[in-house]
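Everything below concerns the one structure shown next.
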There are 2 protein chains.
Amino acid sequence: MPTLKDVARKANVSVSTVSYSVNDNPLIPEETRNRVKMIANDMGYRPNGNAKNLKKQKTNIIGLFLSGFSGPFFTDMMEGIHDVVLEKGFELVVSSSVEQHRLLVERYVDGAIILNYHMENELLTKVANEKFPLVVMDRMIEHPNITPVLLPNEEGALLGTKHLLEKGASSLAFIAGSKDSFDGERRLQGFKQGLSAYNLSFCEKEQLIRADFTEESGYIAMTEYLSQSSEVPEGFVAANDEMAIGTIRALSEAGIKVPDDAAVVGFDDIQLAKYIQPALTTVHVPRKEWGVQAARKLFGMLENQGEEVSHVINLKLVSRDSG
Amino acid sequence: MPTLKDVARKANVSVSTVSYSVNDNPLIPEETRNRVKMIANDMGYRPNGNAKNLKKQKTNIIGLFLSGFSGPFFTDMMEGIHDVVLEKGFELVVSSSVEQHRLLVERYVDGAIILNYHMENELLTKVANEKFPLVVMDRMIEHPNITPVLLPNEEGALLGTKHLLEKGASSLAFIAGSKDSFDGERRLQGFKQGLSAYNLSFCEKEQLIRADFTEESGYIAMTEYLSQSSEVPEGFVAANDEMAIGTIRALSEAGIKVPDDAAVVGFDDIQLAKYIQPALTTVHVPRKEWGVQAARKLFGMLENQGEEVSHVINLKLVSRDSG
DNA sequence: CGATTCTATTGAAACGTTTCAATAGAAAAT
DNA sequence: ATTTTCTATTGAAACGTTTCAATAGAATCG
């Protein structure tokens, strides 16, 4: 693999001249520059990114750190982030890590967007600094160089809950995901707020069903719940659509008609939502927009334009057939 | 940001000792090693990946290059690749690039898996070499250091086509994606083979419908097709599920009953397939397995175990309600 | 014509590691 | 007591760039 040095030798110029030339620096007269570039190209020269980054102390790469690639949820968001990153002349790398987080720790990127519960706050506060800003999408965290860009989860769940209540449901239950999901727990809060607003009390035993965000887990949890409780609530709010779909499946199998006997509203509005039977009423999350906002925020910090880039993400209820 | 040098100064040892220590090299007695590691840790030392890579001429990172993050199709595959990469002690970065392909060209990774039609064969053959193997999943390409890991697309489409034919359909049409999708065109070939096997001829005008792999495009293309043709084929084979779903929507709206008036089979078996009405008959692609095979192949090349790691991916027809 | 400015080119340090070869001193062997 | 081996540590080169400062020669100026 030829280096600048090799090209320099063949072109009979110095390394600096080659460097300037391949980077199209007008310092070098066009004629020389083109000659050198030709030679470099012929030799199959390709810059070494690591050497470059080392010297420049900058990578022009943004990292997106996820806890996994699965789920229909993230791809839209990734697109939003990607658009902004490209627009800024950067590259995006997406990485899903569980333990090492090497890509974050060893500074392969100039800034990062985090949506990875495997990364602890301690790690994040340790790596973030003036020159290395972070945007977190899955937690609240206080740090001068870390900015959360969060969904208004309470509001969303409140929307869903009120919707059912307004439609006349007098008893509700919530299908939650695992406790360590920040978003999930905020959604639960929103549900409780909705109950309060209607002067209803909340009893964890009877109105909280725990699953883990997958369709299957929702199905299992609901089946179990139904076998244990004497009377079925008139409405269910789920912390995400997958679980809502699992819930509907369990209800149907138990002979409970949705939405007549029990209504169900989900959260996220995944693609599937409008295709299932009955079509799922859910809280729509503008995922791409969320990604865009996160990326913009990050560049705001990188470019140090002092001014807060404000962000607002609006959730809205999409009323379909299930509730 | 402290460097080895800074740590060395504070610990009163040489840079080499620090380097050996933080890398847990038993050359340094445990006592010293721990002392140095403590100090490094206290100072917030973090290795500089670029310096490391530059020196070692190795990154321990595998790149996955996609043309976009969208579509429900890729996430399963990414998981498969990810599993293998982690198992090998590497990291995975996923990147979607259109123009620059910097991450590939500037050697940020030790090997790459390509599924990106924006990357031209010329680029790939230029960068691939003994020390930098490539696996391509979206094309055929002859090069000693590039290995294709492809789906048996013809066979798959043949499966779908024969299924309809066996069920008695006497006229078929194919909904294709854009011409420059390798997979898509092979699927078209498989369809033609199916027709041949039953001694049916293929007329492009009447039996080939072009869309672009999205649900919407399938819907539009089919609507247009229906408005133009006098008689409707008894069966449709689509190059992917999204278009099949669009097709079904168009057919339904035109009052054509699926599967009674016309049967439809898709390709891929995306999550949605079993949820739509009627549930989609389709050719199941084991996406995760595909990813696993690709990654294994790549490591086979990296580890130079001469021996071909063989791979076989089996597609099978999933018969549901649409055909 | 000597002094000045400008242009094209270059030398060399620096970025932060890794790792080979060297060294000094202690322990073991003769 | 001298040589040999071993242990702990270190110095320095190298990886491939970028970029500041230096240089030499040409062009312009007074």
Side-chain angles (χ1 to χ4, degrees), chain A residues 1-37 39-40 43-61 102-103 105-110 127 129 131-132, chain B residues 1-37 39-40 43-61 102-103 105-110 127 129 131-132:
Chain A
M1 180 79 22
T3 68
L4 283 185
K5 207 166 157 187
D6 300 322
V7 178
R9 197 172 304 134
K10 181 154 289 182
N12 262 311
V13 292
S14 69
V15 171
S16 345
T17 302
V18 181
S19 174
Y20 287 132
S21 295
V22 297
N23 287 304
D24 252 326
N25 190 321
L27 206 65
I28 308 293
E30 204 160 339
E31 197 188 1
T32 321
R33 215 192 312 160
N34 285 334
R35 189 176 64 87
V36 173
K37 277 163 70 180
I39 297 179
M43 294 177 72
Y45 168 77
R46 287 184 288 140
N48 180 316
N50 285 303
K52 221 159 149 165
N53 295 162
L54 173 59
K55 180 63 200 173
K56 299 184 100 166
Q57 300 286 74
K58 185 162 190 334
T59 64
N60 261 266
I61 302 175
R102 243 180 65 212
L103 259 35
V105 173
E106 301 189 359
R107 285 159 294 162
Y108 287 91
V109 295
D110 289 343
V127 301
N129 64 45
K131 321 218 69 176
F132 187 72
Chain B
M1 181 77 23
T3 68
L4 283 186
K5 208 166 157 185
D6 300 321
V7 178
R9 199 171 303 133
K10 181 154 289 185
N12 262 310
V13 291
S14 69
V15 171
S16 345
T17 302
V18 181
S19 173
Y20 287 133
S21 295
V22 297
N23 288 304
D24 251 327
N25 191 322
L27 206 63
I28 308 292
E30 205 161 336
E31 199 187 359
T32 321
R33 216 194 308 162
N34 286 333
R35 189 176 64 88
V36 173
K37 275 163 72 179
I39 297 178
M43 296 177 71
Y45 168 77
R46 287 185 287 139
N48 180 315
N50 285 302
K52 221 160 150 168
N53 295 161
L54 173 58
K55 180 60 201 180
K56 299 184 100 166
Q57 299 285 78
K58 184 161 192 335
T59 64
N60 262 265
I61 302 175
R102 243 181 65 211
L103 258 35
V105 173
E106 300 189 359
R107 285 160 292 161
Y108 287 90
V109 296
D110 289 343
V127 301
N129 64 46
K131 320 220 71 179
F132 188 72

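All chains are named by letter (A, B, ...) in the order of the sequence lines, taking the proteins before the strands, and each is independently numbered beginning at 1. Note that these values count all heavy atoms, side chains included, but never hydrogens, waters or copies made by symmetry.
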Note, A:K52 side chain near A:K58 side chain (heavy atom, < 4.5 Å):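 With C-beta onward as the side chain, the pair stays apart.
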
Heavy-atom closest pair, residues B:L54 and A:N50: N-CB, 4.2 Å

In whole Å, what is the span from the [atom1] atom of [X] to the [atom2] atom of [N]?
{"X": "B:N53", "N": "C:dT17", "atom1": "CG", "atom2": "C1'", "value": "10 Å"}
{"X": "B:E30", "N": "D:dT7", "atom1": "CD", "atom2": "C1'", "value": "16 Å"}
{"X": "A:N25", "N": "C:dT9", "atom1": "CG", "atom2": "P", "value": "12 Å"}
{"X": "A:R35", "N": "C:dA8", "atom1": "CZ", "atom2": "P", "value": "14 Å"}
{"X": "A:L27", "N": "C:dC6", "atom1": "CG", "atom2": "P", "value": "14 Å"}

Spell out, as yes or no, whether a donor-acceptor pair under 3.5 Å connects the side chain of A:T32 to the backbone of A:I28.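 No, because the side chain of A:T32 does not come within donor-acceptor range (under 3.5 Å) of the backbone of A:I28.
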
Okay, side chain of A:N25, backbone of A:L27: is any donor-acceptor separation there less than 3.5 Å?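 Yes, because the side chain of A:N25 sits within donor-acceptor range (under 3.5 Å) of the backbone of A:L27.
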
Run the numbers on B:K131 and B:D110 for salt bridge (Lys or Arg N to Asp or Glu O under 4.0 Å), then give the verdict. CA-CA 8 Å; B:K131 320 220 71 179; B:D110 289 343; over 6 Å; no

At less than 4.0 Å, is any side-chain N or O atom of A:S19 found next to OP1 or OP2 of D:dT17? Yes or no.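 Checking D:dT17 against A:S19, no side-chain N or O comes under 4.0 Å of OP1 or OP2.
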
Nearest heavy atom decides the nucleotide; on that basis, is B:P2 or A:T32 closer to the 5' end of DNA chain C? A:T32

For the helix from C:dC1-D:dG30 to C:dT30-D:dA1, figure out the bend between the end axes, five pairs an end, and round to 10 degrees. 60°

With side chain to side chain donor-acceptor pair (under 3.5 Å) as the criterion, how do B:S16 and B:S19 come out once you've worked through the C-alpha distance, each side chain's angles and the decisive distance to 0.1 Å? CA-CA 5 Å; B:S16 345; B:S19 173; over 6 Å; no

Whether the B:N53 and A:Y108 side chains hold a donor-acceptor pair (N or O, under 3.5 Å, no angle test) is what I'd like checked.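 Distance-only check passes for B:N53 and A:Y108.
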
Give the intermediate values and the outcome of side chain to side chain contact (heavy atoms under 4.5 Å, CB included) for residues A:K5 and A:R9. CA-CA 6 Å; A:K5 207 166 157 187; A:R9 197 172 304 134; 4.0 Å; yes

Each nucleotide in nucleotides 11-16 of chain C should get exactly one letter: B, S or -. Can you fill that in based on protein heavy atoms under 4.0 Å? BB-BBB

Starting from the C-alpha separation in whole Å, work towards a yes-or-no answer on salt bridge (Lys or Arg N to Asp or Glu O under 4.0 Å) for A:E106 and B:R46. CA-CA 6 Å; A:E106 301 189 359; B:R46 287 185 287 139; over 6 Å; no

Taking any heavy-atom pair under 4.0 Å as a contact, classify A:N23: base, sugar-phosphate, or nothing.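 The answer is sugar-phosphate, as A:N23 gets under 4.0 Å only of primed atoms, P, OP1 or OP2.
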
